[in-house]
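Worksheet for the structure shown next.
The figures here come from the full heavy-atom set of this structure, side chains too, leaving out hydrogens, waters and symmetry mates. Both counts, for ligands and for their atoms, begin at 1 and track the order of listing. When a residue number appears, it is its place in the shown sequence, counting from 1. Predicted model, so just to flag it, every value in this text is computed and none were measured.
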Amino acid sequence: MAASETGELQETPDLYGEYPRLNGSQMAELEQVGTRRATQPGEVLYRQGDLNCDLFVVLEGLVAVVDEQLPDPPVAVHGPGRIVGELGMLTGTAVLLTAVVQRPGVVLALPLIGVREIVNDDPALGDLILRALLIRRSLQIGLGAGLRVLGSRYSPDARRLREFLARNRLAYRWIDLETDAEAESMLRQLGIRPEETPVVIWRGQTVLRNPSPAQLARVLGLRGVKPAVRVRDLVVVGAGPAGLAAAVYGASEGLETLVVECTATGGQSVTASRIENYLGFPAGISGAELADRAVIQARKFGADLTLPTTAMSLDREDGFHLVTVDGEESFRGRVVLIATGVRYRKLDVPGIQAVESASVYYAATEMEAVMCRNDPVVVVGGGNSAGQAAVFLSDHASKVHLVARTAELEQEMSRYLADRIDRLRNVDVHLGSEVAEVTGRKELEAVVVRTSVTHERETLPARALFVFIGTQPHVQWLGDCVALDEDGFVRTGPDAAAVRHGQEGESPPLMLETIRPGVFAAGDVRRGSVKRVAAAVGEGALAVRLIHQYLARTGLSRRSARAPLHVK
Ligand SMILES: Cc1cc2nc3c(=O)[nH]c(=O)nc-3n(C[C@H](O)[C@H](O)[C@H](O)COP(=O)(O)OP(=O)(O)OC[C@H]3O[C@@H](n4cnc5c(N)ncnc54)[C@H](O)[C@@H]3O)c2cc1C
């Protein structure tokens with residue numbers, strides 16, 4: 001966005017569909033759900049940190065959207081016909097920027113409920129708005145406009161905070177105590193001692209000293225739901241693709257649904273830069289966009305979501321399932337769906353502990369790319385996740401070394417990815433190899449790679465190590481209340497029936513049901529599942545159909561009158 005020669009602010013051009021100008025009929029449609037309001041220069045329409053605020057459309061005048069800690073130049077300037085707002089307004093989180101009227105005029109204030117109506121009544125207009133807000137959020141993340149996180153790159157607490165923000169797609173600017181000249185002066189200005197870092201700076205001068213992700217989430221409006229006394233029809237644990245699909249299908253089919261998530265919506269899919277094999281998206285879709293769309297959809301149907309909330313145990317009480325979460329609160333459900341997915345195993349090689357918090361990553365997104373721009377990096381793993389990471393990082397790193405145990409890339413990786421890697425000039429593939437050790441005192445300096453057969457060693461200079469080796473299901477919280485296989489994956493259906501010692505005449509577990517009646521599992525955490533987004537989404541949807549069947553069979557369904565089921 002630029003100022004004209006006379007110094008007047010000018011509208012920011014719309015380059016990618018992030019600032020579309022609405023036409024007359026679209027404006028007329030929005031007028032039906034909005035309220036007109038006159039504006040004065042300097043008037044704040046919304047401010048960083050505000051929750052539940054309206055979206056606006058400029059009818060007359062000019063509105064600037066600014067980062068309060070860096071107000072000049074504005075992030076964007078909007079004139080008549082343009083939407084003023086950000087994605088948080090639809091997902092229910094705090095806004096990260098501030099909108100200030102520059103030239104007086106008139107705006108249309110659109111409450112969330114009105115925007116939802118539009119999305120239902122006019123999908124094309126709804127999608128135009130949603131798409132604009134999604135692109136804005138990506139641009140905002142790239143700009144680092146929003147919160148400030150100040151700390152040392154070697155601090156595990158700082159790393160935890162940054163990961164939490166990144167996984168939740170919340171824009172922030174990282175100020176590194178070790179390298180950024182402005183860090184010292186900011187600390188002095190705000191009266192913060194270096195040992196009090198990491199800090200999050202918020203609303204200009206508000207400083208959160210070393211907050212936990214849960215504290216930060218509360219401030220940002222993420223942690224919404226209080227454990228209610230009432231019993232939910234369905235408690236879903238995990239908001240990856242499987243859990244979110246179950247939330248959408250469950251809530252839309254009349255089940256009172258709550259989703260409990262320990263880190264961020266989207267699960268593993270948001271650690272991938274782009275998903276190219278999800279049906280209906282020929283150009284690919286980012287896991288983040290898929291997750292945000294699903295969250296908006298689930299909320300539209302009335303599903304509740306709480307995060308970061310970690311399920312710690314699963315019990316039974318008074319005939320209901322009890323999911324106890326951190327903080328020792330609990331949620332009760334007629335049915336529970338385990339959709340806690342998997343995580344990548346840590347690489348256990350000499351030297352890794354010293355560099356773990358500064359240089360080892362288990363995801364490859366914009367956040368990680370920023371940390372290793374123009375540096376050489378090593379990616380370990382032979383599957384699709386490693387392949388995607390190598391492709392994505394080749395755009396940011398000076399050199400990418402892909403280290404895989406397999407003899408051929410295609411052995412565990414999709415052909416399209418292997419072919420693409422073949423064509424990338426700055427990616428070197430080390431097949432039949434594994435990491436022997438890493439070197440570096442606080443930050444990674446090199447990765448020593450050893451061939452599996454001849455044990456020949458090669459030292460690869462690197463500043464970041466990306467690990468995508470073998471997965472481990474998230475099942476610690478389940479104790480022994482469901483049956484697991486030898487690798488820890490949850491047994492369901494016939495697989496569970498084989499190990500259940502039920503009463504005579506008891507119905508065998510339904511297809512995705514565990515040995516515990518009324519507890520289902522879907523997605524990557526389930527034994528035998530296909531580890532793909534589409535498969536997880538399919539299982540989340542299928543689980544809801546089976547849950548209805550279970551509720552009907554057990555007479556627990558109190559909704560059947562309200563929500564007609566189409567179960568054959
Ligand atoms: C880097 C990468 C790239 C990938 N690329 C592709 C691709 O291109 N195409 C494709 O089809 N698939 C891809 N996948 C695989 C795909 O993302 C997974 O198959 C899919 O996300 C599985 O979904 P899920 O819901 O079963 O589990 P997850 O996505 O693992 O979600 C589980 C959720 O449960 C939460 N959770 C765990 N424990 C608890 C607890 N105790 N309490 C509360 N919440 C908990 C986790 O935080 C997580 O959000 C990729 C995976 C990775 C890691």
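Considering all non-hydrogen atoms of both residues, Arg316 and Pro517 come closest at NH1-O, 4.2 Å.
Annotation: ligand 1 has protein neighbours Val237, Gly238, Ala239, Gly240, Pro241, Ala242, Val260, Glu261, Cys262, Thr263, Ala264, Gly267, Gln268, Ser269, Thr271, Ala272, Ile275, Asn277, Thr309, Thr310, Ala311, Ala339, Thr340, Gly341, Val342, Tyr344, Ser385, Gln388, Phe468, His474, Trp477, Gly523, Asp524, Lys531, Arg532, Val533, Ala536, each with a heavy atom less than 4.0 angstrom from the ligand.
Judged by the 6.0 Å distance and 45° axis criteria, Lys346 is not positioned over the aromatic ring of Tyr361.
Residues forming a ring pair (Phe, Tyr, Trp, His ring centres under 6.0 Å) with Tyr344 (at least two apart in sequence, or on another chain): Phe468. By the ring pair (Phe, Tyr, Trp, His ring centres under 6.0 Å) test, Phe320 pairs with no residue at all, sequence neighbours left out. With sequence neighbours excluded, the residues forming a ring pair (Phe, Tyr, Trp, His ring centres under 6.0 Å) with His401 are His430, listed by chain and number.
For the salt bridge (charged side-chain N to carboxylate O under 4.0 Å, His left out) with Asp157, the lone residue among Arg153, Arg159, Arg160 that qualifies is Arg160.
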